[in-house]
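The structure appears right after this line, and notes come after that.
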Amino acid sequence: MRESPKGRPTPLPSGHRLHRRATAHAAAVFVAEHIARVIEHHAGLRAGGRAVLGLATGKTPIGVYDELARLHEGGLSFANVETFNLDEYWPIALDHPASFHRFMHEQLFDRVDIPRGMRHVPNGSVPEGAIERHAADYEASITRAGGVQLQLLGIGGNGHIGFNEPGSPRSGRTRRVTLAAQTRADNAGAFGDQDAVPTHAITMGIGTILDARAIVVLAIGKRKADIVRAALLGPITEDVPASLLRTHRAVHWVLDADAASALPQ
Ligand code: PGA
């Protein structure tokens, strides 16, 4: 899939798989079923076996969470699941309608049975002086859980992963970051207007993300076609954070037809 100098597609890195699905729904179902298999695998490994998932917010994963809630109604237990979200706005109240804390409750946590205390989202309401400590504690909780086994990721229009905007260091850890203007514009809808979008966020770093044992990247819609192409076929560079995923050993790229539309057939 990577383009050779002559423009011919060459294979993706070994350990990477590209899954094209005709519709956004089919892509979401594919991802949810993959997550369900990871949960069941860890539940079946040994008594008390735990699946540690990295979770994402935004429009992209909503269909995945709907499908996971449906699978839960059908009997899938999340009792052995621990989750770590990628990011949260800062500053923001936990119960702000646009907070990722609230989003996760509405989209997933209130619909499945992940035990309380096992659902971690960076806290956007910590005072400025406590952010560094909170970020270090977040990293420590991931380590204590044994590391993230499967990280679900979307891609921002500018190539960000989590809130690691273009130029973020490949080795970065959880920390406070400044949001790019494009990100604030992309996310304005939830806040009413762009000026109401917080200027900062707390995000896992790219280094934190790349520590996950496996990663599933989901991209949906025409508006992601160009950035998907850049991430998969362009140079591997901190200017396109999603391109750094090509240095990871196990990534599933799951695309609907629109998001895949700028790739060679
Ligand atoms: P979106 O955001 O799912 O709302 O497109 C993706 C992202 O910013 O990671």
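Each ligand, and each atom within it, is numbered from 1 in the order the structure gives. Nothing here was measured: the structure is a model prediction, and the numbers come from that model.
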Protein contact of atom 7 (C) of ligand 1 - nearest heavy atom, named by residue and atom, plus distance:
H160 NE2, 3.4 Å
Give the atom numbers and elements of ligand 1 that come within less than 4.0 Å of a heavy atom of G58.
3 (O), 4 (O)
Tell me the protein heavy atom at minimum distance from atom 3 (O) of ligand 1, and give that distance in Å.
T60 OG1, 2.4 Å
Given the side-chain rings of F78 and F109, with only the six-membered ring counted for Trp, is the space between their centroids under 6.0 Å?
no
What do you reckon, does R223 have a nitrogen or oxygen under 3.5 Å from a nitrogen or oxygen of ligand 1?
yes
Considering the heavy atoms of K59, write down every atom of ligand 1 situated less than 4.0 Å from one of them.
1 (P), 3 (O), 4 (O)
Would you tell me whether N123 and Y138 have side-chain atoms, one donor and one acceptor, within less than 3.5 Å of each other?
no
Show, in sequence, the C-alpha distance, side-chain angles and deciding distance for F30 and H19, and conclude whether the ring-ring contact (aromatic ring centres under 6.0 Å, His included) test is met.
CA-CA 9 Å; F30 178 83; H19 308 271; 4.5 Å; yes
So which residues get pulled into W90's cluster when ILVMFWY side chains under 4.5 Å apart are joined, directly or through others?
V126, I131, I202
Could you check whether E106 pairs with R102 (Lys NZ or Arg NE/NH1/NH2 to Asp/Glu carboxylate O, under 4.0 Å)?
yes
Which atoms of ligand 1 are found less than 4.0 Å from any heavy atom of G154?
9 (O)
Of the options R175, R170, E238, which is the one that meets N164 in a side chain to side chain donor-acceptor pair (under 3.5 Å)?
R175
With a cut-off of 4.0 Å, which atoms of ligand 1 are near a heavy atom of I155?
6 (C), 7 (C), 9 (O)
I need the atoms of ligand 1 closer than 4.0 Å to a non-hydrogen atom of G156, numbered in the order shown.
7 (C), 8 (O), 9 (O)
Under a 4.0 angstrom heavy-atom cut-off, which atoms of ligand 1 come close to K224?
1 (P), 5 (O), 6 (C)
Whether the H120 and T83 side chains hold a donor-acceptor pair (N or O, under 3.5 Å, no angle test) is what I'd like checked.
no
